[in-house]
Amino acid sequence: MALGTSHRLQEGIESVETMTRFAFAILALASGVYTYLGVRSILDGSATAVFFAALIYSSAVSVAIYAFWTYMARFYPHVTSTGGRTAMLGVMALGCAMIIAMSSWLNAAALAGSAALEQHLAETLEDYTADLDQAHQNALAAQSLLPDIQRTQERFQRLADQERETGALTGTTGAGSVVQLLSQMASQLTELENGINASRERVTTLFDAGRKHLETMRTLVSAPGAINPRADQFAAEVVGLSGVITSLEQTSIAPSVKRAAEDLSLGFIAPVADGREADLVTRQDQVMETIRSSVAAQSKVLSQAADQILERKPVSERRFVPLSSAEAVLRYAGDFIPSWAGAISIDILPAVLIFMLSIVHSTPRQQEQRLPFAERITAAELLQALEVRREIQQQGADVEAAMDAAERSEAADQSNVASFDLSGKGPRKGPPA
């Protein structure tokens, strides 16, 4: 029964031999087609030159893949020694690595190249969106100083009005030196407030322009159609957006606020007391000294707040790097594992068929080794052996001695490598004469 099973396996090997060759050819052709598409995406030049270069390369890849797996199918199942199997496995691993290097990554570029480029554009869009938001926040940071400036300006203006109308500070009404000084401080703070408001309008205009660039870029990422024209237009929008971000960085009014805050105290010039009475002059000097101290304190507070704004991390310079589909597939390989698996499977699937053939070939070989020689020969081989035996006896030779010598010779010269035929059926040996 074991011998019948062996014969059925050998018949199965013979029946799938044509299918195995056909499968190798189709897989090699499919790999060549996708390799052609991948090569075209990375070559530059005229359309004719690109076409022929891609065609020649893909044809060479198809032939190489078909030849490699055909050789492996011919030889690997029939190598039975441990050293031979190890060497063949090493050759197979080297061949698989070379196939992946020259074909599989190009297959992945053809399968997922457009999606990888869209992924690259999408991530670039996210980075520039974050840069625009950061530049906008840095430019508007000085707006947080506006309430303090307005409050201080209103306080100086209110004191000036009270001094003019009621003499709240010096006890004497009228527009004297104290009123002039308070009005001067209020006027300087009003100018600083107007500068911050003007800066806010400029920042808003630039931010709106940046958002328009982002909207166009977002449309290009998700728009249908060929990816290369969209990538070119995307790069043009990136240039415009980079200019907007740079302008926002330069629009920040924080340095101007710091200089204005320092000028409040460093440039403080108190007018000469203009009172006609000595007592009024003394009171004016005292009030102006108090105003000087208040201005110095307010200047310090504004200067420290401006320093905190200036210490904010600026937007780092970013450069958009266009990628080819093949480069994008390599960079974002982790996001396209199914495409990579499909691209590699097209090239490596023959290895599974070869291992299957190897297992099937080893089964009859092991069964035949366990059977006695008398059970491994056919009726025709038995008749032929008997005929040889009769001829030897007629010539007077010692048959038993010849059989013993033949068995010893067979045991010494038996090879571990069977026939190279894919069907696995080698010539049978008859009984020694």
Taking atom CZ of R319 and atom OG1 of T124, what is their separation to the nearest 0.5 Å?
12.0 Å
State the CZ-CG distance between R40 and L106, to the nearest 0.5 angstrom.
14.0 Å
Should Y57 and Y36 count as side-chain neighbours, where that means a heavy-atom distance under 4.5 Å?
no
Can the positive tip of R85 be found less than 6.0 Å from the middle of the six-membered ring of Y76, inside 45° of the ring normal?
yes
Nearest 0.5 Å, what's the CD1-SG distance between I348 and C96?
4.0 Å
Does some side-chain heavy atom of D347 sit less than 4.5 Å from a side-chain heavy atom of N107?
yes
Nearest-0.5 Å distance that lies between atom CG in L117 and atom CD in E327
9.5 Å
With no hydrogens and no angle check, is any side-chain donor or acceptor of T246 less than 3.5 Å from a backbone partner on S242?
yes
Output yes when R21 and E17 qualify as a salt bridge under the 4.0 Å nitrogen-oxygen rule, no when they do not.
yes
In the structure I gave you, are the side-chain heavy atoms of L248 and L132 within less than 4.5 Å of one another anywhere?
yes
Closest heavy-atom pair, A30 versus I346, reported as atoms and distance to 0.1 Å, is CB-CG2, 4.3 Å
Non-hydrogen atoms of A135 and V315 that approach each other most closely:
N-CG2, 3.5 Å
Classify the side-chain pair S103/T35 by whether it contains a donor and acceptor separated by less than 3.5 Å.
yes
Walk me through it: do L206 and R202 pass the test side chain to side chain contact (heavy atoms under 4.5 Å, CB included)?
CA-CA 6 Å; L206 289 173; R202 172 64 174 165; 3.7 Å; yes
Side chain Q119, main chain A328, donor-acceptor under 3.5 Å:
no
I need the minimum non-hydrogen distance between A110 and G38, along with the two atoms involved.
CB-N, 4.0 Å
Please list all pairs meeting ring-ring contact (aromatic ring centres under 6.0 Å, His included) that have one or both residues in residues 179-214, counting only residues at least two apart or in different chains.
H136-F207
Going through the distances and angles, do L353 and L357 end up as a side chain to side chain contact (heavy atoms under 4.5 Å, CB included)?
CA-CA 6 Å; L353 302 180; L357 286 174; 5.6 Å; no
Is there a side-chain contact between R218 and T129 in this structure, where contact means two heavy atoms from C-beta onward sitting under 4.5 Å apart?
yes
Any chance the rings of F234 and F320 have centres within less than 6.0 Å?
yes
Work out which heavy atom in A139 is nearest to a heavy atom in V203; give both atom names and the distance.
CB-CG2, 3.6 Å
What one should report as the nearest heavy-atom pair of V61 and S31 is CG1-OG, 4.4 Å
Determine, step by step, whether V63 and Y66 satisfy the side chain to side chain contact (heavy atoms under 4.5 Å, CB included) criterion, reporting the C-alpha distance in whole Å, the side-chain angles of both residues, the deciding distance to 0.1 Å, and the verdict.
CA-CA 5 Å; V63 172; Y66 180 77; 5.9 Å; no
Mind checking side-chain contact (heavy atoms from CB on, under 4.5 Å) for R200 and listing every partner two or more places apart, or none if nothing turns up?
L140, Q143, L146, N197, T204
Is the side chain of S58 donor-acceptor paired with the backbone N or O of V33 at a distance under 3.5 Å, no angle test?
no
Non-hydrogen atoms of L43 and A53 that approach each other most closely
CD1-CB, 3.8 Å
Straight-line distance of Q150 CD to L192 CG, nearest 0.5 Å
10.5 Å
Show me the pairs that pass side-chain hydrogen bond (donor to acceptor under 3.5 Å, both in side chains) and involve residues 222-232, at least two apart or across chains.
E118-R230
Could you walk me through whether I344 and I100 pass the side chain to side chain contact (heavy atoms under 4.5 Å, CB included) check?
CA-CA 7 Å; I344 295 176; I100 292 174; 4.2 Å; yes
For E237 and Q233, run side-chain hydrogen bond (donor to acceptor under 3.5 Å, both in side chains): C-alpha distance rounded to whole Å, both residues' side-chain angles, the deciding distance at 0.1 Å, then the answer.
CA-CA 6 Å; E237 293 294 331; Q233 190 174 354; 4.9 Å; no
If you round to the nearest 0.5 Å, how far is CG of L27 from OG of S62?
11.0 Å
Those residues that, when tested against I56, pass side-chain contact (heavy atoms from CB on, under 4.5 Å) (two or more places apart)
none
For the residue pair D335 and W340, establish whether any side-chain heavy-atom pair is separated by less than 4.5 Å.
no
Can you tell if the side chain of V238 reaches within under 4.5 Å of the side chain of Y128, non-hydrogen atoms only?
yes
Check whether any side-chain heavy atom of W105 lies under 4.5 Å from a side-chain heavy atom of V329, and answer yes or no.
no
For residues 124-144, which residue pairs pass the salt bridge (charged side-chain N to carboxylate O under 4.0 Å, His left out) check, not counting sequence neighbours?
D127-R318, D131-R318
Quick one: does W69's side chain get under 4.5 Å of M72's, heavy atoms only?
yes
Residue pairs passing the ring-ring contact (aromatic ring centres under 6.0 Å, His included) test with at least one member in residues 296-318, sequence neighbours excluded, are none
